[in-house]
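Remember, predicted model here, so these are calculated numbers, not experimental data.
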Amino acid sequence: MLFVMLTFAAFSQKYVHNISQSNARAIESQFGVLTAPVIGELGEISPNKIIDSCQWNISGVKDAATEIRPYLDEYKKYTVARYCSKNGYDLIISPMFQVRTNPEGNIMTVTVTGFPAKYKKFRPATKEDSWMLPFLNNFESERKVKEAINQ
């Protein structure tokens, strides 16, 4: 009987995690589609900073370092996307994130703060827009955009 009780206790092991992360403001939204050089103009920008969060039950995760940490950016993107879709916005300007676990280590909360905004219109990029190229996050993207604009 003692052996059976010890076996069940071993299988009902609870994993506890302590995850914490912060990041600085980003100039651009992390959601971008680049099919051809296109400029999106911001329309409505909320003057009010929002705070929103999502929670995930991570009690079944065995190793947070390999199963959660590599995907924290995806959790952040989901948090922004959920807020924007619920509230009719396209992006959050200057998003800041806090990632925390509760004291028990079984719930992870991702909190985003920033200013929600909507795009007003899109237009093809022109040579006059080339001043924006250094602000691209990726050198390869910058090269491709530059080539497309100069055609």
Side chains of Met108 and Ile68: does their closest heavy-atom pair fall under 4.5 Å?
yes
Looking at CG of Asp90 and OG of Ser85, how far apart are the two atoms once the value is rounded to the nearest 0.5 Å?
11.0 Å
Could I get the full list of salt bridge (charged side-chain N to carboxylate O under 4.0 Å, His left out) partners for Lys121, not counting sequence neighbours?
none
Mind checking side chain to side chain contact (heavy atoms under 4.5 Å, CB included) for Cys54 and listing every partner two or more places apart, or none if nothing turns up?
Trp56, Tyr78, Thr79, Arg82
Ring pair (Phe, Tyr, Trp, His ring centres under 6.0 Å) with Tyr83: which residues, sequence neighbours excluded?
none
Rounded to the nearest 0.5 Å, how far does CG of Asp52 lie from SG of Cys84?
9.5 Å
Looking at side-chain heavy atoms only, is the closest gap between Val110 and Phe97 below 4.5 Å?
yes
Can Val61 be reached from Leu72 by stepping across I, L, V, M, F, W or Y side chains whose heavy atoms are under 4.5 Å apart?
yes
Testing the basics here: between Ala64 and Pro70, what is the closest heavy-atom pair and its distance to 0.1 Å?
O-CD, 4.4 Å
Over all atoms of both residues, closest heavy-atom pair of Tyr89 and Lys118:
CD2-CG, 3.8 Å
Mind checking what makes side chain to side chain donor-acceptor pair (under 3.5 Å) contact with Thr66, not counting sequence neighbours?
Asp63
Run the numbers on Ile107 and Ile58 for side-chain contact (heavy atoms from CB on, under 4.5 Å), then give the verdict.
CA-CA 6 Å; Ile107 301 292; Ile58 59 171; 6.0 Å; no
Partners of Thr109 by side chain to side chain donor-acceptor pair (under 3.5 Å), sequence neighbours excluded?
Gln55
Once side chain to side chain contact (heavy atoms under 4.5 Å, CB included) is applied, do any residues pair with Ala117, and if so which ones, sequence neighbours excluded?
Leu42, Ile45, Leu91, Ile93
Could you work out, with salt bridge (charged side-chain N to carboxylate O under 4.0 Å, His left out) as the rule, every residue matching Lys120, not counting sequence neighbours?
none
What residues form a side chain to side chain donor-acceptor pair (under 3.5 Å) with Glu41, not counting sequence neighbours?
Arg123
Set of residues satisfying side chain to side chain donor-acceptor pair (under 3.5 Å) with respect to Asn87, sequence neighbours excluded
none
Across all chains, not counting sequence neighbours, the side chain to side chain contact (heavy atoms under 4.5 Å, CB included) partners of Asn48 are Ser46
Name all residues meeting the salt bridge (charged side-chain N to carboxylate O under 4.0 Å, His left out) criterion together with Glu67; count only those two or more places apart in sequence or in a different chain, and write none if there are none.
none
Residue pair Ile51 / Thr113: nearest heavy atoms and the distance that separates them:
CG1-CG2, 3.4 Å
